[in-house]
Participant: 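To start, I am sharing the structure in question, which I have written as structure tokens.
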Amino acid sequence: MIELTEKSIDFTQLTNLVRDHRAGAVLLFLGTVREFTGTEQTSSLRYEAYPVMALKKLQELEEECSRQFPVVRIAISHRTGDLDLGEISVAIAVSAPHRAQAFDAGRWLIDTLKERVPIWKQENYQDGRIEWVHPGTSGASNSMTNQTP
Amino acid sequence: MIELTEKSIDFTQLTNLVRDHRAGAVLLFLGTVREFTGTEQTSSLRYEAYPVMALKKLQELEEECSRQFPVVRIAISHRTGDLDLGEISVAIAVSAPHRAQAFDAGRWLIDTLKERVPIWKQENYQDGRIEWVHPGTSGASNSMTNQTP
Amino acid sequence: MKIPLQLFARARDLAGKSPIEIEVPENASVAQLRQILIADFPQLTDLGPSLLWAVNNDYVGVEHVLKTTDEVACFPPVSGG
Amino acid sequence: MKIPLQLFARARDLAGKSPIEIEVPENASVAQLRQILIADFPQLTDLGPSLLWAVNNDYVGVEHVLKTTDEVACFPPVSGG
């Protein structure tokens with residue numbers, strides 16, 4: 001199961017989707033909105049997706065993961081829109097016969113999602129700055145708006 | 001939070017216990033009762049603990065993990081008694097600022113739990129055999145009872 | 001030929017809109033499209049070399065040759081998760 | 001001195017009960033306790049070398065010297081999780 005959603009992610013439902021009598025291990029990864037990155041204080045995040053391509057790339061992740069690892073089931077949900085501190089931005093659930101397989105598959109899924117799936121994060125800082133996060137481009141030039149003097 | 005419980009593990013509650021504004025990553029690992037191990041078909045499991053020592057060792061795991069990894073919060077629940085196929089035997093939730101830390105800490109917790117915490121699993125096979133699982137002792141000599149001819 | 005180009009995230013904010021229409025020669029490559037995009041929207045100059053390109057929802061290199069029926073998009077490095 | 005010994009899992013099943021009481025010399029080590037345990041319960045012979053020992057809820061080696069007030073337990077390799 002893969003989805004993009006504007007609504008709060010129900011990680012319980014996602015986890016139950018991958019539970020299976022063939023699996024001895026279930027791994028759930030949640031990305032959550034963190035308040036501090038170094039000295040920078042985040043007040044909220046906004047996630048924007050290129051929806052059709054993002055769904056296609058998530059589907060490819062699911063297929064590629066199933067080929068590379070002996071997983072039983074996979075479920076991925078990514079949030080879009082505005083998120084408050086502590087909210088879940090992404091949930092990845094995977095089940096496998098043994099724990100090492102579940103850990104390896106879960107790690108591969110989140111690492112590869114972050115490389116390939118066209119979704120972008122915009123940081124809304126406590127001091128009023130709003131910045132797109134675009135790895136590999138310079139931080140300073142990302143600053144779109146400075147709403148405080 | 002650590003616990004041993006005779007009741008069904010509520011992984012939603014456990015996961016929510018470790019969510020925190022300081023964390024950007026939450027990892028949940030579930031051990032679940034798998035039906036097949038090679039050609040052996042399990043019908044149920046029984047977990048027995050040495051309760052006081054198991055709680056002490058779980059507490060030490062939590063403390064040692066907090067020293068070794070930059071985790072924010074840890075919660076571990078281990079089931080005891082009789083479990084049906086698909087039920088959760090252990091749940092480990094951990095939160096950390098970044099995902100690699102959460103994966104590493106979660107992996108260390110389940111690996112170390114399996115080495116140190118005095119809890120034992122008894123397999124109840126579909127063919128009627130009941131066997132304690134004691135790694136490193138011979139499989140054949142583990143057979144306690146053969147209830148079918 | 002006219003290529004409708006979707007922009008996302010900071011690229012869209014800098015251009016001020018999405019999609020935009022870019023006029024390119026027949027059989028233009030993505031590299032040519034990028035050159036014309038930056039000429040039309042000089043505020044994308046700094047971001048230009050880091051832009052990722054997608055045609056019909058798959059990543060392509062700048063040597064990719066475009067057709068009028070292609071769905072073309074460009075965007076800065078992704079940061080989901 | 002009398003040491004009350006808790007057994008778990010297959011060790012308890014083989015002995016038939018837990019705790020059991022083992023009479024050992026003063027200042028006996030775990031190794032001596034193990035020797036007497038196996039003499040009293042020969043059905044534990046095969047499992048003997050793999051048994052793990054705990055005193056006051058911590059693992060100990062067989063060289064550990066016992067006191068009458070110690071809480072002593074032995075059990076086969078663990079398999080929780």
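Scope of the values below: all heavy atoms of this structure, side chains included, with no hydrogens, waters or symmetry mates.
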Participant: Does any backbone or side-chain atom of A/I88 lie under 4.5 Å from a heavy atom of chain B? Answer side chain, backbone, both or neither.
Facilitator: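 Contact with chain B: backbone and side chain both.
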Participant: For A/R79, which of A/L4, A/I9, A/V90 qualifies under side chain to side chain contact (heavy atoms under 4.5 Å, CB included)?
Facilitator: A/I9
Participant: Given B/I130 and B/Q122, is the side chain to side chain contact (heavy atoms under 4.5 Å, CB included) satisfied, shown in steps?
Facilitator: CA-CA 7 Å; B/I130 299 177; B/Q122 193 178 48; 3.3 Å; yes
Participant: Are B/K121 and B/E48 within salt-bridge range, i.e. N to O under 4.0 Å?
Facilitator: no
Participant: Let's test your reading of the structure: which of B/T37, B/N16, B/I92 forms the most heavy-atom pairs below 4.5 Å with chain A?
Facilitator: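 Most heavy-atom pairs under 4.5 Å with chain A: B/N16.
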Participant: Looking at A/S89, A/S8, A/S44, which one forms a side chain to side chain contact (heavy atoms under 4.5 Å, CB included) with A/L83?
Facilitator: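 With A/L83 as partner, side chain to side chain contact (heavy atoms under 4.5 Å, CB included) holds for just one option, A/S89.
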Participant: With a 3.5 Å cut-off and no angle check, do the side chains of B/Q126 and B/S43 form a donor-acceptor pair?
Facilitator: no
Participant: Quick one: which residues of residues 101-120 of chain B reach chain A at under 4.5 angstrom, heavy atoms only?
Facilitator: B/F103, B/D104, B/G106, B/R107, B/I110, B/D111, B/K114
Participant: Measuring heavy-atom distances to chain B, does A/R99 have an atom under 4.5 Å in its side chain, in its backbone, in both, or in neither?
Facilitator: both
Participant: Less than 4.5 Å apart, any side-chain heavy atom of B/R34 and any of A/P97?
Facilitator: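 SC-SC contact between B/R34 and A/P97 confirmed.
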Participant: Just checking, any donor-acceptor pair under 3.5 angstrom between side chains of A/Q41 and A/E35?
Facilitator: yes
